[in-house]
2 protein chains.
Amino acid sequence: MAQVRPMRADARRNRERLLAAAVEAFAAQGEGASLDDIAKRAGVGAGTLYRHFPTRRALLEAMYSDRIEAIAERAGELAERLPAGAALVAWLDELGLGMIQMRGLRALLSSSVGGGEEAGRGAGGASSDCCDPLRQAVARLVGDAQRAGELRRDVGAMDVLRLVHGVAMACGEAVGGTSVGDAGDAEGAEGAERAEDVGERLRRYVGLLMEGLRARG
Amino acid sequence: MAQVRPMRADARRNRERLLAAAVEAFAAQGEGASLDDIAKRAGVGAGTLYRHFPTRRALLEAMYSDRIEAIAERAGELAERLPAGAALVAWLDELGLGMIQMRGLRALLSSSVGGGEEAGRGAGGASSDCCDPLRQAVARLVGDAQRAGELRRDVGAMDVLRLVHGVAMACGEAVGGTSVGDAGDAEGAEGAERAEDVGERLRRYVGLLMEGLRARG
DNA sequence: ACCTGAACACCGTTCAAGT
DNA sequence: ACCTGAACACCGTTCAAGT
């Protein structure tokens, strides 16, 4: 699992630089930022990027895997502190906010959850997946809520994940952090909204959704 | 609104050919089919495509405007034949199925509804929009259902549109009609599912969603 | 008035040559 | 073992030349 032999010092440094540049680029230009551009920002050759991250998806996974695991771990904390139904709602809010903040994560989950066609699945063993921790987390919370009689028993964990994913995608685009002074359209980020507004909308939508998923007494 | 002067015969013919080729290409290759390819299929020069459809979005709008209007008109029929709540559900099912069948329509609605970043809004007067008929249709059905006491009054028509759009996006990719024998991955359309399965899932999800949106008596 | 297709810019991806 | 960067293929877009 871990590297058999530690990476050469320059390789490790390049890897870090690439990841940092990628975070910047995706934040500023959204998904589909130019890979060539990322390599240049990082000050490495294009080939080096491909050596470390053979696909765009691999790069996204590396960027977000820490954050994904952190979100997955929150499930355990919430499950301890809150009743099962509330824990599920709270966790889904956090997941949705994560997807709104990290544009790339949406594409990842998209292909991981069977949602869309962006960020094509890697060729090969399609099964192992960076979103596995999320799947496990939602399975646990959904199971708890069902056993507690707070959630319909005719929906599965994947249904819940898919629905929240869809809702988050439908919530709109929050205006990104460091938007570079693009020479493009005037009027600034047309159509984008204040991050808080989008976040609030997400919570409303997750609430409505949960209303439908709640077990009827 | 209508053409001031009728198009020259060859122009009209090319336009038809381009639309037919586009329908084929989008069905076979999904969104983001090559525009150059579409021009070649249609047997016209690349410049001709741009003359008729300056942006990818313009092409998609022209392709789907008939279908969009047909769906919008269904709202009136359903409103006459069914109680307000049932009419809304039935119409949302049809809209969702439309979005699943027409991959391009999802991207259109995405940008139209403030959902995603695909299919960038056309520069210029962003207000007029091919999805206006859908907006009007949903506004009518939502209003009816609210007046009939069958729908919460704290949600707006756009909320409903966004939610159903999100749910449809989350439903997964139906396997397309005429999938050309691509030399790509083995195993056929990996991850795509039988159209009926996706359609059934959509109906389930719309049902769950409506459960949350229903007015509590 | 409209069409053609060569030309240009840009991006992803590969690979021979370097250290 | 890893990096570089030129080279290639592909796609969107424009525009001078044609009819």
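To find a chain, count down the sequence lines: A is the first, B the second, and so on, and within it residues start at 1.
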> Does the pair B:R135/B:D132 count as a salt bridge with the N-to-O cut at 4.0 Å?
Replying inline: yes
>> Whether A:D197 and A:R201 form a salt bridge (side-chain N of Lys/Arg under 4.0 Å from carboxylate O of Asp/Glu) is what I want to check.
In response: no
> When you match A:G43 and B:L35 each to their closest nucleotide on DNA chain D, which lands nearer the 5' end?
Replying inline: A:G43
>> Has B:W91 got a side-chain atom pairing as donor or acceptor with B:G76's backbone, closer than 3.5 angstrom?
In response: no
>> Tell me the closest heavy-atom pair linking A:F26 and A:M63, and the distance in Å.
In response: CD1-SD, 3.3 Å
> With a 4.0 Å cut-off, would you call B:R204 and A:D159 a salt bridge?
Replying inline: yes
>> Taking A:R41 first and then A:D37, would you say they form a salt bridge - that is, a charged N and a carboxylate O separated by under 4.0 Å?
In response: yes
> If you look at every strand shown and take non-hydrogen atoms under 4.0 Å, does A:D37 touch a base, only sugar-phosphate, or nothing?
Replying inline: nothing
> Between A:R203 and A:E200, is the closest basic N to carboxylate O distance under 4.0 Å?
Replying inline: no
> Just checking B:T48: base, sugar-phosphate only, or nothing, at a heavy-atom cut-off of under 4.0 Å?
Replying inline: base
> Can you tell me which stems DNA chain C forms when a stem means 3 or more consecutive Watson-Crick or G-U pairs under 3.5 Å?
Replying inline: C:4-8 with D:12-16, C:12-16 with D:4-8
>> Could you check whether A:R13 pairs with A:E16 (Lys NZ or Arg NE/NH1/NH2 to Asp/Glu carboxylate O, under 4.0 Å)?
In response: no
>> Distance under 4.0 Å to a non-hydrogen atom of chain B counts as contact; along DNA chain C, which nucleotides mark the start and end?
In response: C:dA1 to C:dG5
